S.K.: 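The following block contains the structure, expressed as structure tokens.
Worth saying up front: this structure is predicted, and the values here are computed from it rather than measured.
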Amino acid sequence: MAIPVPPPSHPCWQRMASGGMSRLKTTHLGTQMLAKRLERSSDPVSSKASEIHAFFAKWERVLAAELAQVTTI
């Protein structure tokens, strides 16, 4: 069974947007590219958090291993 994506209001997305993406262990190229791009971005944390949530919601089926880590970061 797939792990559900936490709601956009969950604090994990803010943590991910504040540098947590770099601690995510993933072999998924799209996730790695998103992490690098957001690392260099000057967008507000709330904007980054929304983008990360949308990405995980879209790719939920292939990001099961990453979703298992999201709430622990």
S.K.: Write down the atom of T31, the atom of M21, and the distance for their closest heavy-atom approach.
M.R.: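 The pair with the smallest heavy-atom distance is O-CE, 4.0 Å.
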S.K.: Applying side-chain contact (heavy atoms from CB on, under 4.5 Å), can you list everything that pairs with S50, at least two apart in sequence or on another chain?
M.R.: none
S.K.: Who pairs with E66 by salt bridge (charged side-chain N to carboxylate O under 4.0 Å, His left out), at least two apart in sequence or on another chain?
M.R.: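 By the salt bridge (charged side-chain N to carboxylate O under 4.0 Å, His left out) rule, E66 matches no residue at all.
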S.K.: Scan for salt bridge (Lys or Arg N to Asp or Glu O under 4.0 Å) pairs involving residues 7-25, sequence neighbours excluded, and state none if there are none.
M.R.: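 Matches after skipping sequence neighbours: none remain.
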S.K.: Which pairs with one or both residues in residues 4-26 pass ring-ring contact (aromatic ring centres under 6.0 Å, His included), sequence neighbours excluded?
M.R.: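 Listed once each, the pairs are W13-H53, W13-F56.
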S.K.: Determine the minimum heavy-atom distance between A57 and V5, stating which atoms define it.
M.R.: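 Residues A57 and V5, closest heavy atoms: CA-CG2, 4.0 Å.
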S.K.: Quick one: salt bridge (charged side-chain N to carboxylate O under 4.0 Å, His left out) partners of R37, sequence neighbours excluded?
M.R.: E51
S.K.: For the backbone of A49 and the side chain of Q14, can you confirm whether one donor and one acceptor N or O come within less than 3.5 Å of each other?
M.R.: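 Judged by distance alone, no pair lies under 3.5 Å.
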S.K.: With sequence neighbours excluded, tell me which residues meet side chain to side chain donor-acceptor pair (under 3.5 Å) with T71.
M.R.: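 Residues passing side chain to side chain donor-acceptor pair (under 3.5 Å) with T71: none at all.
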S.K.: Side chains of L67 and P6: closer than 4.5 Å at any heavy-atom pair?
M.R.: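 Side chain of L67 against side chain of P6, heavy atoms only: contact under 4.5 Å found.
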S.K.: Looking only at heavy atoms, which two atoms of K48 and L38 are closest? And how far apart?
M.R.: NZ-O, 3.2 Å
S.K.: Linking I/L/V/M/F/W/Y whenever their side-chain heavy atoms sit closer than 4.5 Å, directly or via other members, would V70 and V45 fall into one cluster?
M.R.: no
